[in-house]
A.B. asks: 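I have a structure here, written as structure tokens, and I will follow up with some questions on it.
Keep in mind that this is a model prediction, so the values were computed, not measured. FYI, side chains are in, hydrogens and waters are out, and symmetry mates aren't considered; it's all heavy atoms of this structure. We name chains A, B, ... by the order of the sequence lines, and we start the count at 1 in each one.
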Number of protein chains: 2
Amino acid sequence: MDVKWLTKDELAAWVRLVAVVELLPGVLDSQLRRDSSLTSFEYYVLAMLSEAPSRTLRMTALAAQTNATLPRLSHVVQRLEDRGLVERASCPEDRRATNAQLTAEGWQKVREAAPGHVATVREHIIDALTPEQITQLTAITDAILQRLDPSETMTAMYRRHDEPGGA
Amino acid sequence: MDVKWLTKDELAAWVRLVAVVELLPGVLDSQLRRDSSLTSFEYYVLAMLSEAPSRTLRMTALAAQTNATLPRLSHVVQRLEDRGLVERASCPEDRRATNAQLTAEGWQKVREAAPGHVATVREHIIDALTPEQITQLTAITDAILQRLDPSETMTAMYRRHDEPGGA
DNA sequence: TACGATTACTTGTAGTGACAACTAAATGAG
DNA sequence: CTCATTTAGTTGTCACTACAAGTAATCGTA
């Protein structure tokens with residue numbers, strides 16, 4: 001087979017990265033679920049909408065910005081619509097497309113949820129790192145993402161992002 | 001509320017990290033599922049057992065090494081047992097405890113799955129980074145893990161790990 | 001030595017995501 | 001124009017995970 005196994009250093013990085021990938025979602029989810037009755041994916045959907053012009057985005061664009069497949073997004077938006085946080089309407093210019101728009105209630109929900117979420121992110125990630133490590137992490141994840149999603153059908157949103165819920 | 005929002009640099013790192021956390025499991029899972037009919041979590045369970053003395057580990061220890069909760073592990077081991085890859089036996093020294101042991105078939109399965117998995121890890125992660133970045137990533141994830149799992153009930157296994165399936 | 005607390009797990013159930021199949025609208029080639 | 005193809009999204013089913021509750025053995029302590 002002629003396999004290039006991982007070196008000791010590579011393995012050390014890999015084992016830790018796997019642990020982060022495994023543990024991080026749970027930490028984010030439990031805070032948001034407890035304080036705002038949202039999963040972190042639901043939060044990101046609302047957050048992306050909150051930043052968009054007219055707080056409206058086509059499903060495909062929303063899927064790209066949240067790193068999700070369309071079926072997954074469709075189900076989640078369905079549930080958010082049932083809860084009155086989002087509304088869907090057929091797009092006039094292209095009637096295949098659907099626009100998802102944040103409702104007033106949804107906007108309120110993001111605004112309430114954002115501070116606690118950002119605090120959690122700070123506490124568990126950002127404040128654990130030096131400014132230099134933040135820069136390094138950006139370069140590292142950037143390099144990885146080019147391999148994970150070369151087409152960049154997802155992860156198309158690496159500019160903009162201010163506020164609120166931008167994190 | 002007085003929230004410390006993320007700076008531009010912090011946000012850049014965070015957005016990319018979230019994307020990695022969201023995309024990586026899918027990439028690993030689809031390769032393993034396609035080539036070996038295993039989820040990546042199932043693979044790690046088998047891999048940890050394959051490295052243990054007598055290819056046997058107590059459920060609690062196995063849960064720690066795979067960053068899983070006990071209920072989750074219990075269900076997964078149940079399924080692996082149904083497929084003949086693992087066997088469970090009550091521990092003689094402490095009859096509350098259960099030992100999970102890799103069967104011959106399970107051992108064979110890991111050995112077959114390991115090369116393809118390691119190749120995927122190399123291709124998508126390791127080979128995307130410079131040796132220096134590997135070192136940086138180790139330090140960064142190490143710092144994060146101290147915040148994500150301070151008690152280290154999970155992630156208790158940061159030594160050893162050689163081969164095969166160690167990655 | 002008895003009984004409350006803790007530890008080690010298992011089980012049941014409810015909610016989410018993945019995958020495949022489906023519908024409908026817009027292109028595009030002849 | 002017309003029909004095949006692509007694009008955009010939805011829906012259904014199944015598998016997996018989380019959470020809560022339950023069981024059983026061990027520890028601690030009085």
A.B. asks: Rounding to an integer number of Å, can you tell me how far B/Arg88 CZ sits from C/dA8 P?
C.D. replies: 17 Å
A.B. asks: From C/dA18, C/dT7, D/dT6, pick the nucleotide closest to the side chain of A/Thr69?
C.D. replies: C/dA18
A.B. asks: Taking CG from B/Leu70 and P from D/dA20, how many angstroms apart are they, rounded to a whole number?
C.D. replies: 16 Å
A.B. asks: Hey, does the side-chain of B/Arg96 have a donor or acceptor N/O within less than 3.5 Å of a partner on the base of D/dT26?
C.D. replies: no
A.B. asks: Counting N and O atoms only, with roles assigned by atom type, does the side chain of A/Thr103 sit under 3.5 Å from a partner on the main chain of A/Leu85, one being a donor and the other an acceptor?
C.D. replies: yes
A.B. asks: Give me, pair by pair, the N or O atoms of the protein and of nucleotides 14-17 of chain D that are less than 3.5 Å apart, along with how far apart they are.
C.D. replies:
unit_1 : atom_1 : unit_2  : atom_2 : d
D/dT17 : OP1    : B/Arg72 : NE     : 3.4
D/dT17 : OP1    : B/Arg72 : NH2    : 2.9

A.B. asks: Whole angstrom is fine here: how far is it from CG in A/Asn67 over to P in C/dT16?
C.D. replies: 19 Å
A.B. asks: Considering heavy-atom distances to DNA chain D, does A/Asp94 or B/Asp94 have its closest nucleotide positioned more toward the 5' end?
C.D. replies: A/Asp94
A.B. asks: Considering residues, nucleotides and ligands other than B/Glu81, do more than 12 of their heavy atoms fall under 6.0 Å from its CD?
C.D. replies: yes
A.B. asks: Can you tell which of D/dT7, C/dA20, C/dT7 lies closest to the side chain of A/Pro71?
C.D. replies: C/dA20
A.B. asks: Please determine whether a side-chain nitrogen or oxygen atom of A/Gln78 lies at a distance below 4.0 Å from atom OP1 or OP2 of D/dT10.
C.D. replies: no
A.B. asks: Provide, to the nearest angstrom, the distance between the CZ atom belonging to A/Arg95 and the P atom belonging to C/dA24.
C.D. replies: 13 Å
A.B. asks: Which atom pair, heavy atoms only, marks the closest approach of B/Ile140 to A/Gln133?
C.D. replies: CD1-O, 3.6 Å
A.B. asks: Which part of the nucleic acid, if any, lies within contact of A/Thr98, taking any heavy atom under 4.0 Å across all strands shown: a base, the sugar-phosphate backbone alone, or nothing?
C.D. replies: sugar-phosphate
A.B. asks: Using a 3.5 Å distance criterion without hydrogens, assess whether the side chain of A/Arg122 forms a donor-acceptor pair with backbone atoms of B/Trp5.
C.D. replies: yes
A.B. asks: Shortest non-hydrogen contact from B/Ala100 to B/Leu62?
C.D. replies: CB-CD2, 4.2 Å
A.B. asks: As a test of reading the structure: which of D/dA8, D/dT10, C/dT10 is closest to the side chain of A/Met59, going by heavy atoms?
C.D. replies: D/dT10
A.B. asks: In whole angstrom, what separates B/Asp82's CG from C/dT10's P?
C.D. replies: 13 Å
A.B. asks: Starting from P on C/dA8, measure out to CG on B/Leu73 and report it in whole angstrom.
C.D. replies: 14 Å
A.B. asks: Quiz question: by atom type and distance under 3.5 Å, do the side chains of A/Asp29 and A/Ser40 form a donor-acceptor pair?
C.D. replies: yes
A.B. asks: Rounded to whole Å, how long is the line connecting atom CG of B/Leu24 with atom P of C/dA18?
C.D. replies: 14 Å
A.B. asks: C/dA24 P sits how many Å from A/Glu93 CD, rounded?
C.D. replies: 22 Å
A.B. asks: Counting heavy atoms not belonging to B/Glu87, are there more than 12 under 6.0 Å from its CD?
C.D. replies: no
